[in-house]
Engineer: 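Take a look at this one; I'll ask things after.
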Number of protein chains: 2
Amino acid sequence: MATRTDVCYELLKGRILDGTYGPGHRLVIDQLGREHNISTIPWRESLRRLEAEGWVEIIPNVGARVATFDEGEWARTMRLLARLEGLATALASDELTEADLADARRMNREMREALADFDPMRFTQLNRQFHTVIFHRAPDKHLIALLDTEWARLDFIRRSAFTHAPGRAVESVAEHEALLDLLEAHADADTIETAARQHKLNTLEAVTRHAEARGTALA
Amino acid sequence: MATRTDVCYELLKGRILDGTYGPGHRLVIDQLGREHNISTIPWRESLRRLEAEGWVEIIPNVGARVATFDEGEWARTMRLLARLEGLATALASDELTEADLADARRMNREMREALADFDPMRFTQLNRQFHTVIFHRAPDKHLIALLDTEWARLDFIRRSAFTHAPGRAVESVAEHEALLDLLEAHADADTIETAARQHKLNTLEAVTRHAEARGTALA
DNA sequence: GTCACACGGATCGCATACGATAACCTGTGA
DNA sequence: TCACAGGTTATCGTATGCGATCCGTGTGAC
């Protein structure tokens with residue numbers, strides 16, 4: 001059975017990620033305890049963990065609140081994620097089964113459909129799944145864990161500061177296909193890493209350019 | 001005043017990093033409490049934080065112990081650090097003052113001296129300082145925090161599984177000089193990133209090769 | 001002799017209660 | 001209008017108790 005601390009952690013993280021507890025939301029320990037009939041200790045411990053992971057800020061003698069990210073944080077996370085995912089994708093190359101590649105291709109097809117249906121939510125979701133399937137095969141647990149949290153970070157920030165670049169989605173799907181071709185052909189690690197990194201940097205640049213054109217600062 | 005939780009955290013982390021609590025060392029909460037006259041809760045909270053940062057493993061109903069890393073972890077961390085530091089170095093380029101560069105050059109000179117004096121401890125220490133001075137100027141707090149923990153990880157693992165590559169130190173100093181030249185000349189970001197990344201990968205390769213030659217598995 | 005199982009110590013998980021401390025708000029009086 | 005005192009709120013830290021769980025050990029059946 002999962003410990004209460006785990007339950008509290010999952011509950012809080014879930015609500016932070018799905019937006020129930022938005023940026024800046026105060027997390028009052030006593031209140032949480034009364035609401036869920038769980039004493040303060042598990043809450044305190046899970047808040048410490050969330051603090052270490054960067055989801056929550058704790059100020060001594062004041063309390064905990066959901067972290068807020070300034071707008072530039074999205075760009076910075078993308079920039080970092082490009083490098084991490086470039087590496088992970090290259091490392092995964094040797095580990096990917098044919099079934100994995102088939103899964104990825106299927107997701108990419110579905111993305112094209114989502115695009116035709118004007119379903120951006122589904123597109124975003126599939127995009128994350130597409131990359132997750134690939135990088136989860138990288139033989140480096142620590143790297144995978146980092147990638148998971150950075151992707152979650154990205155999702156969270158996207159909800160607060162909506163980012164978008166019209167037209168980018170089409171290119172993105174094409175780049176996915178090209179990336180899969182490289183993986184299937186067992187291209188050398190450097191080529192794959194560069195392609196995967198550049199794929200993400202292209203998105204970053206498209207969004208940045210779009211934001212600038214609209215006069216919205218991003219950095 | 002720092003909270004007790006902070007005190008416990010610093011104490012534990014310090015002892016883990018300096019080797020007092022080696023890999024696998026059991027951290028019994030009650031015992032810690034009795035030894036330092038601090039009740040269990042601050043210990044529990046700091047252990048949660050250390051767990052999230054990867055320094056400690058907590059098994060429900062069994063207890064906490066200092067994490068152990070298999071030998072391949074050093075190589076994996078270097079591989080990751082190469083990418084992170086490549087990025088951070090490139091980002092720092094525009095922010096570095098002349099004083100920073102002068103500091104870095106001085107450290108590199110001292111590294112050459114340490115080399116002549118056969119003082120590997122000092123060399124290692126200076127090497128870390130050299131890179132720290134540079135990447136701490138990168139305009140990305142989160143990235144810097146990641147780099148700090150990964151470097152600490154590296155130090156910790158090095159102590160458990162000693163890694164070494166004779167002759168590499170000389171090249172390393174030369175590559176530092178070249179890197180500083182690029183930074184001083186405000187070379188473009190890609191060039192700097194590649195150089196910084198490759199610098200670390202060269203060390204990784206040298207050590208791997210040396211280990212293989214000695215028949216010691218590293219991966 | 002060996003294996004399954006029960007027992008007990010060690011340790012954590014969690015609840016509860018209480019005092020200390022710090023931050024914040026508010027109303028009073030000059 | 002402003003400074004300050006006092007109350008409120010919340011966390012921080014301690015103490016204590018009890019149940020749950022894990023794990024090593026030893027007993028007893030076969």
Side-chain angles (χ1 to χ4, degrees), chain A residues 1-17 19-70 141 145, chain B residues 1-16 19-70 145:
Chain A
M1 180 196 131
T3 65
R4 289 230 201 271
T5 300
D6 292 332
V7 173
C8 295
Y9 172 80
E10 296 295 342
L11 190 146
L12 287 177
K13 188 163 178 184
R15 296 206 174 169
I16 290 171
L17 292 184
T20 309
Y21 296 151
H25 189 281
R26 285 203 64 182
L27 301 169
V28 180
I29 294 180
D30 262 22
Q31 196 176 318
L32 290 167
R34 262 180 280 113
E35 274 173 28
H36 300 91
N37 276 321
I38 296 177
S39 83
T40 60
I41 293 175
W43 294 111
R44 288 171 70 147
E45 287 182 28
S46 49
L47 283 173
R48 285 294 173 191
R49 186 168 162 196
L50 290 165
E51 182 195 24
E53 290 172 0
W55 296 111
V56 157
E57 268 180 323
I58 298 180
I59 303 172
N61 294 310
V62 175
R65 49 178 62 226
V66 179
T68 51
F69 298 98
D70 64 286
K141 290 268 170 62
Chain B
M1 179 194 132
T3 66
R4 289 244 202 276
T5 300
D6 292 332
V7 173
C8 295
Y9 172 80
E10 296 295 342
L11 190 146
L12 287 176
K13 188 161 177 185
R15 296 207 175 168
I16 289 171
T20 309
Y21 296 152
H25 189 281
R26 287 201 64 182
L27 301 170
V28 180
I29 294 180
D30 261 24
Q31 197 176 315
L32 290 168
R34 264 180 278 113
E35 275 174 27
H36 300 91
N37 276 319
I38 296 177
S39 81
T40 60
I41 291 176
W43 295 112
R44 292 176 68 123
E45 288 182 25
S46 49
L47 284 173
R48 285 293 172 190
R49 185 167 163 197
L50 289 165
E51 181 194 25
E53 290 172 358
W55 297 111
V56 158
E57 268 180 323
I58 299 179
I59 303 172
N61 294 311
V62 174
R65 48 179 60 227
V66 179
T68 51
F69 298 99
D70 64 288

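Here the structure is a predicted model, which means the values were calculated and not measured. Each chain gets a letter, A, B and so on, in the order its sequence line appears, and its residues count up from 1.
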Engineer: Using residues 29-42 of chain A as the side-chain source, report each donor-acceptor pair under 3.5 Å to any protein atom, sequence neighbours left out, with the distance given to one decimal.
Structural biologist:
from  : atom 1 : to    : atom 2 : distance (Å)
A:H36 : ND1    : A:L32 : O      : 3.1

Engineer: What is the separation between atom CD on B:E57 and atom C1' on D:dC22, rounded to the nearest whole Å?
Structural biologist: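 Distance, rounded to whole Å: 16 Å.
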Engineer: Salt bridge or not between B:E51 and B:R48? Use side-chain N to carboxylate O under 4.0 Å.
Structural biologist: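 Yes, charged N to carboxylate O under 4.0 Å.
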Engineer: Report the distance from atom CG of B:L32 to atom P of D:dT14, rounded to the nearest whole Å.
Structural biologist: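 In whole Å, D:dT14 P and B:L32 CG are 13 Å from each other.
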Engineer: What integer distance in Å separates B:N37:CG from D:dC12:P?
Structural biologist: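 Spelled out: CG on B:N37 to P on D:dC12 is 21 Å.
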Engineer: Roughly, in whole Å, what's the span from CG in A:D6 to P in C:dG13?
Structural biologist: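 It is 9 Å, rounded to the nearest whole Å.
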Engineer: Do you know which two heavy atoms are closest between A:V56 and A:A64, and how far apart they sit?
Structural biologist: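 Distance-wise, the nearest heavy atoms are CG1-CB, 3.9 Å.
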Engineer: Can we say A:E53 and A:R49 salt-bridge, meaning some charged N sits less than 4.0 Å from an Asp/Glu carboxylate O?
Structural biologist: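 The answer is yes: the pair qualifies as a salt bridge.
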Engineer: B:I58 has an atom CD1; how far is it from atom C1' of D:dC22, in whole Å?
Structural biologist: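 Atom-to-atom, B:I58 to D:dC22, this comes out as 16 Å.
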Engineer: Taking the nucleotide of DNA chain C with the nearest heavy atom to each, does A:N61 or B:L27 sit closer to the 5' end?
Structural biologist: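 Closest to the 5' end, via its nearest nucleotide, is B:L27.
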Engineer: Do A:W43 and A:L27 pass the side-chain contact (heavy atoms from CB on, under 4.5 Å) test, and can you show the C-alpha distance, the side-chain angles, and the key distance before you say yes or no?
Structural biologist: CA-CA 10 Å; A:W43 294 111; A:L27 301 169; over 6 Å; no
Engineer: Specify the separation, in whole Å, of atom CD1 of A:I29 and atom P of D:dT11.
Structural biologist: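 Those two atoms, CD1 and P, are 5 Å apart.
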Engineer: B:Q31 CD to C:dT11 C1': how many Å, rounded?
Structural biologist: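 The distance from CD of B:Q31 to C1' of C:dT11 comes to 11 Å, rounded to the nearest Å.
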Engineer: At 4.0 Å (heavy atoms only), tell me whether B:I59 reaches a base, stays on the sugar-phosphate, or touches nothing.
Structural biologist: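 Nothing: the residue B:I59, judged by heavy atoms under 4.0 Å, touches no strand.
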Engineer: Kindly state which residues belonging to residues 39-49 of chain B come within less than 4.0 angstrom of DNA chain D, counting heavy atoms of the residue only, listed by number.
Structural biologist: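 Contacts with DNA chain D under 4.0 Å: B:S39, B:I41, B:P42.
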Engineer: At under 4.0 Å, does any side-chain N or O of B:R4 touch on OP1 or OP2 of D:dT14?
Structural biologist: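 The answer is yes; a side-chain N or O of B:R4 sits under 4.0 Å from OP1 or OP2.
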Engineer: When the distance from CD of B:E51 to P of C:dC12 is rounded to whole Å, what number comes out?
Structural biologist: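 In whole Å, C:dC12 P lies 13 Å from B:E51 CD.
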Engineer: Between A:G54 and A:A67, what is the shortest heavy-atom contact and its length?
Structural biologist: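 Closest approach of A:G54 to A:A67, heavy atoms only: O-CB, 3.7 Å.
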Engineer: Look at the side-chain N and O atoms of A:T5 and state whether any lies under 4.0 Å from the OP1 or OP2 oxygen of C:dC14.
Structural biologist: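 True: A:T5 side-chain N/O within range (under 4.0 Å) of C:dC14 OP1/OP2.
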Engineer: Hey, does the side chain of B:R65 reach the backbone of B:G24 with a donor-acceptor pair shorter than 3.5 angstrom?
Structural biologist: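 Checking the backbone N and O of B:G24 against the side chain of B:R65, a donor-acceptor pair under 3.5 Å is found.
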